[in-house]
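Let me begin by presenting the structure, written as structure tokens, before commenting on it.
Because the structure is predicted, anything quoted here is derived from the model rather than measured. In what follows, chains carry the letters A, B, and so on, assigned in the order in which the sequence lines appear, proteins first and then strands, with residues in each chain numbered from 1.
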Protein chains: 2
Amino acid sequence: MEKLNNIIFYNIDHSIRLYRMYAQKQLREHGFKITIDQWLVIKCILENPTITQHELSELVFKDNASVTRIVDLLIKAKYLEKEINPEDRRKFILHVTKSGEDIIKNVQEIVLQNRSKALKGIAAKDLETADAVLQKIIANCK
Amino acid sequence: MEKLNNIIFYNIDHSIRLYRMYAQKQLREHGFKITIDQWLVIKCILENPTITQHELSELVFKDNASVTRIVDLLIKAKYLEKEINPEDRRKFILHVTKSGEDIIKNVQEIVLQNRSKALKGIAAKDLETADAVLQKIIANCK
DNA sequence: TTGAAATAATTGACATATCAATTAAAAATT
DNA sequence: AATTTTTAATTGATATGTCAATTATTTCAA
């Protein structure tokens, strides 16, 4: 068991890295010029149109600094625009452009394929157990 | 989002990030000037004294480039030394210094505490299931 | 045996992670 | 109202991740 305690973190790390590499490779091979993290940020803004960068950082579990930089890159790539929030000039309103909406739509199918490929052959019950274990770890580390 | 929390990959990512942050914070608060990744690299060299950087990168799931840079930092920190392997001049022999051995020894207790804190309240059976699920994901993404 | 292919490590470029410090604005307190 | 505190976002510094290109060396094959 002491061994598993050691190995479990090793496997959590390994699995998420392999999944990200696989997912990123799929995007690249289909000609999409976007990273997994950038995709997630746009997706969250589309689903929460009034979200601030700080709220975004909590939602995707990234540092404020990372979000600032990802948003910058997305603006450079013309997937996003930002505008000072007149209600609170510390905040920004983030707008997804047409081109940003399009890429999310076009990438969606690949994302679903990636997930089902990665989870193939895993029983729903076991997946639920694994998910509960991960949530417990999350709670324990907070 | 299709309920972020319901997506296993989100929770895998979240859990490993929180665990790493927690573990890193513990190291910092106990005055150890070393990162989790650096700790892992030294530990692997101690356990595999003839390992090459390339083999190391496979063992810790990192890119060759990352390993090169981590090793560089560890040499700067005087935890490691390297020497060209006379058998094959493309390779290096990596030596852990006394100071490197010491820090691993001293950090060990904290690592164990971190793990047990993160896994507190999780049934052994569930942990095994979670581990099997992660291994399956790893296999699927290869 | 020599030229081609494979391997080990490095480097450059760029993206992301983390912490600390800073700026600007809003909210709370006195 | 003026001062203090809090909040949102940015920036700088450093570490790591990833890919592609490069160098040095070894191995393989014609």
[X] side chain near [N] phosphate (N/O to OP1/OP2, under 4.0 Å):
| X | N | result |
| --- | --- | --- |
| R28(A) | dC19(D) | yes |
| K82(B) | dT10(C) | yes |
| Q38(B) | dT16(D) | yes |

Quiz prompt | Validation row, ring centre F61(A) to ring centre Y10(B) under 6.0 Å | solution = no
Length of the line joining [X]:[atom1] and [N]:[atom2], which is rounded to integer Å:
| X | N | atom1 | atom2 | answer |
| --- | --- | --- | --- | --- |
| Q24(A) | dT18(D) | CD | C1' | 9 Å |
| I36(A) | dT18(D) | CD1 | P | 11 Å |
| D72(A) | dG12(D) | CG | P | 12 Å |
| L73(A) | dC14(C) | CG | P | 11 Å |
| R17(B) | dC19(C) | CZ | C1' | 16 Å |
| I34(A) | dA15(C) | CD1 | C1' | 13 Å |
| D13(A) | dA17(C) | CG | C1' | 14 Å |
| D37(A) | dT18(C) | CG | P | 11 Å |

Which heavy atom of [X] sits nearest a heavy atom of [Y], and at what distance?
| X | Y | answer |
| --- | --- | --- |
| N48(A) | L59(A) | ND2-CD2, 3.7 Å |
| I122(B) | K136(A) | CG1-CG, 3.4 Å |
| A118(B) | F9(A) | CB-CZ, 3.7 Å |
| K91(A) | T52(A) | CD-CG2, 3.6 Å |
| K82(A) | V71(A) | CD-CG1, 4.2 Å |

Quiz prompt | Members of residues 86-98 of chain B that approach DNA chain D, where some heavy atom sits under 4.0 Å away | solution = D88(B), R89(B), R90(B)
Self-check item: Heavy-atom side-chain proximity of Q38(A) to L73(A) below 4.5 angstrom
Solution: yes
Quiz item: Do L56(A) and I45(A) come within less than 4.5 Å of each other through their side chains, counting heavy atoms only?
Solution: yes
Practice problem: Using the side chain to side chain contact (heavy atoms under 4.5 Å, CB included) rule, pick out the option among I16(B), D13(B), D131(B) that qualifies with I12(A). | Solution: I16(B)
Self-check item: Flag, side chain of T97(B) to backbone of K78(B), donor-acceptor distance under 3.5 Å
Solution: yes
Quiz item: Side-chain donor or acceptor of R69(A) under 3.5 Å from a matching atom on the base of dT18(C)?
Solution: yes
Practice problem: Using heavy atoms and a sub-4.0 Å distance, could you list which residues of residues 53-68 of chain B are near DNA chain C? By number, please. | Solution: Q53(B), H54(B), N64(B), A65(B), T68(B)
Quiz item: Which residue lies toward the 5' end of DNA chain C, T35(A) or K25(B), if each is placed at its nearest nucleotide?
Solution: T35(A)
Quiz prompt | Lys/Arg N to Asp/Glu carboxylate O, K62(A) vs D37(A), below 4.0 Å | solution = yes
Quiz prompt | Electrostatic pair K98(A)-D102(A), nearest N-O below 4.0 angstrom | solution = yes
Practice problem: Find the bend of the helix from dT1(C)-dA30(D) to dT30(C)-dA1(D) as the angle between its two terminal axes (five pairs each), to the nearest 10°. | Solution: 10°
